Amino acid sequence: MRERGLPSEVRRLAEPVTRLLDGAWQRMHWWIALMAASYALSGITVVKPDEVAVILRWGRLVGEVPALQEHGAGLLFAFPRPMDEVVRVPVKHVWEVTVNTLDSEGHPWDAYGSALDPVKQGYALTGDQNIVHVAMVARYRVRDAAEWAFQGPKAERVLLTEVTAAMVRSLGEMKVDQVLADGRKKLITTVTRRAQSGLDASHSGIELSSLELTRLGPPRALAPEFDAVQSAFIGAQTKQNEAQGFAQSVIPQAQAEADAAVQNARGTAEGDLASARGEAESFLVLNREYRRNPEVVRERLYRDAVDRAIAGAAEVQWIPPPVGGSYHGFRITVNPSDEPKEITDSISEGAPSSSPPAPLPLSAVGGETDE
Amino acid sequence: MVDAMRSQRSLRAIVGSLALAAILFQATAVVVREGHAVLITRFGRPLRAATESGLHWKLPWPVDQVTMLDMRRRVYETGLTEMLTRDKKNIIARTFVVWRIGNALTFIQAIGSSSGAEAKLDGLLTNAAIGTLGGHDLSALVSTNPADLQVDSIESELLSSTAPMALQNYGVAIEEIRIERLALPTENVAAVFEQMRAERRQFAAKYQAEGDQAASKIHSEADLEAARIRAKGAEETARIRGEAAAKVAKIYADAHRTDPELYRFTRSLDSLTKLVTGNTTLILRTDSEPFSLLQSQGHK
């Protein structure tokens, strides 16, 4: 209708195009219809299980809040371009970034010297102004797809700087010994917290899921001194452990000895008491018998004792009784090798032998004189 | 034939109008993608900045032209700069900023490209850092005493001294400034190394001495404890012995009190038999018991 009204020049100009279209339509109208249909459906997107997708309609994000913006796995119906654009974000994927901005590795040429070039060799200062090297591996994933895609800076770049800054700041408030000994866990926690708050502040839309220290130590040039401290520490621990071991053996040993002595004393006491009771009992029995028959008992006891003495003695010598009540120059030789022993008057005041239970009229010469 | 002609005509009409619409749309529509902005200029004169994402309109070329701007945040690290703290200590610091285009028009006019922005930011930040750190001691950045540390206030000081100027002059919105690196000038490192060495040696000696002291303390305490236990044992032993002796004495005394004379007699006999041992020579008078028995028999 409109073509009819067009000036003949325009019609002449459009002639080749209309001829081409007519020819194409006659020969390939099915193909054209198919292409048109596939264009109309080209906005339909498959969202994979580890992804979420957001739709930009005429460039503007559809949905006001993340929950409405993000579409989960499955088929997503959208209009074809240029009206809709589907942006898929792999939110479940965890990326890894090596952070070696504070490490000197890779510059061995003067890592052993006494100089560090801060441009080429990374390091950080601790709170007590010691130098340490740190290498880290940070893992992150996308938390807010829209923020990550349309607002935040490049994820790796911001992660690298935020983690480095957080590490520099956290090391700057700790002592080197704390850092190198038991403070690692605290350090990681603090750095992760600080880095995450920085990542949130810069609208990066990423979450630092883990931070791992692959190296944390003093400069190589100082390694021997640090090792010496370590071995001194271990040595001190060993000495203390040995002392503990000594204490753990010596105290129970003393306890055992004391217990044994006490037990022994108890045993002895029991024995002494038992024998005392026995002896007392036998004395009482004897006494009862003695009261009834004093002469006989006394005689028997005396004779038993004399028999035992004679039986137990090595040698028994008999001498005649003194004439007139005393000895004069009377000699006996107990052992030929010994000097003769003189019995003088002083030992001759024996009682008359007529009464049997008289005091013992004998003298004993100790064994040492035999040899 | 008439049908074919008619369908051909309507096809031509559809294709023609679609093509026309597409050309018109292309010439007048401006799609501002999320995270971007568009500056529309009319004959080279800035007309307006379309910062809202979505569909915007303009007049076709050559009347209106568009410049697309990436409004996403960017990170820029300054170079390592040596500076002096208030307590006259040399320190090398590097800061980084998170920035974005805050005013598209000013940005285009003053800078034009993002690399140009970073060159401008570098100077601004370095100056601010030198100024700000010059007003603080080194212990405000690096200290084991939490009361000394003022990193937060230094960073906000840096932000407040650069952000308004950057926005006004360059259209750059600085959102965050952080100190990223702190280092020492190369010539100071040797001194720090020496200090660290001395400190390590001191620590090694301290650990050694402490270990020795603790070990000998444990040792002597153990010895003392052992001695105490033994003494207690000895005391207990003595007590038991004493009590037993007292009881024994009482038992004997109770028994012997019944007949002291018999007791003396039996004790004498006991002494006699105990006195005579296997190497004793007994000298007896022939008129004493039991030999006297034979003698008296013989006399009779």
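Since the structure is predicted, the reported quantities are computational estimates derived from the model, not experimental observations.
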[X] versus chain A, heavy atoms under 4.5 Å apart: side chain, backbone, both or neither?
X         : result
Leu141(B) : backbone
Phe25(B)  : side chain
Leu138(B) : side chain
Glu82(B)  : neither
Glu176(B) : side chain
Val192(B) : side chain

Does the pair [X]/[Y] count as a salt bridge with the N-to-O cut at 4.0 Å?
X         : Y         : result
Glu147(A) : Arg73(B)  : no
Arg266(A) : Glu270(A) : no
Glu235(B) : Lys232(B) : no
Asp307(A) : Arg303(A) : no
Asp152(B) : Arg169(A) : yes
Glu242(A) : Lys239(A) : no
Arg72(B)  : Asp70(B)  : yes
Glu155(B) : Arg194(A) : no

Taking every heavy-atom pair that is under 4.5 Å apart, which of [options] has the most such pairs with chain A?
options                                    : answer
Arg94(B), Glu225(B), His56(B), Glu77(B)    : Glu77(B)
Glu210(B), Arg239(B), Gln213(B), His256(B) : His256(B)
Leu80(B), Val151(B), Val98(B)              : Val151(B)
Glu175(B), Arg181(B), Arg228(B), Lys206(B) : Arg181(B)
Gln208(B), Arg178(B), His36(B), Glu236(B)  : Arg178(B)
Ile240(B), Ile92(B), Asn145(B), Thr266(B)  : Ile240(B)

Below 4.5 Å, heavy-atom pairs only: which of [options] has the largest tally toward chain B?
options                                    : result
Val176(A), Asn287(A), Val168(A), Leu102(A) : Asn287(A)
Ala232(A), Ala276(A), Ser204(A)            : Ala276(A)
Thr101(A), Asp272(A), Val262(A), Val297(A) : Val262(A)
Lys154(A), Gln237(A), Glu85(A)             : Glu85(A)
Leu284(A), Asn130(A), Thr164(A), Leu286(A) : Asn130(A)
Ala124(A), Gly198(A), Ala247(A), Gly235(A) : Gly198(A)

Under 4.5 Å from any heavy atom of chain B - which part of [X]:
X         : answer
Thr268(A) : neither
Gln244(A) : both
Leu56(A)  : side chain
Val87(A)  : side chain
Ala149(A) : backbone

Is there a donor-acceptor pair closer than 3.5 Å between any side-chain N or O of [X] and the backbone N or O of [Y]?
X         : Y         : answer
Thr78(B)  : Thr95(B)  : yes
Thr258(B) : Asp254(B) : no
Ser143(B) : Ala140(B) : no

Cation-pi between Arg200(B) and Phe226(A): NZ/CZ under 6.0 Å from ring centre and within 45° of the ring axis?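 Yes, cation above the ring, under 6.0 Å and within 45°.
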Parallel, tilted or perpendicular: ring planes of Tyr263(B) versus Phe283(A), cut at 30 and 60 degrees: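 Tyr263(B) and Phe283(A): perpendicular rings.
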So for atom CZ, which belongs to Arg267(B), do other residues, nucleotides or ligands contribute more than 12 heavy atoms lying within a distance under 6.0 Å?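 Not more than 12 within 6.0 Å, no.
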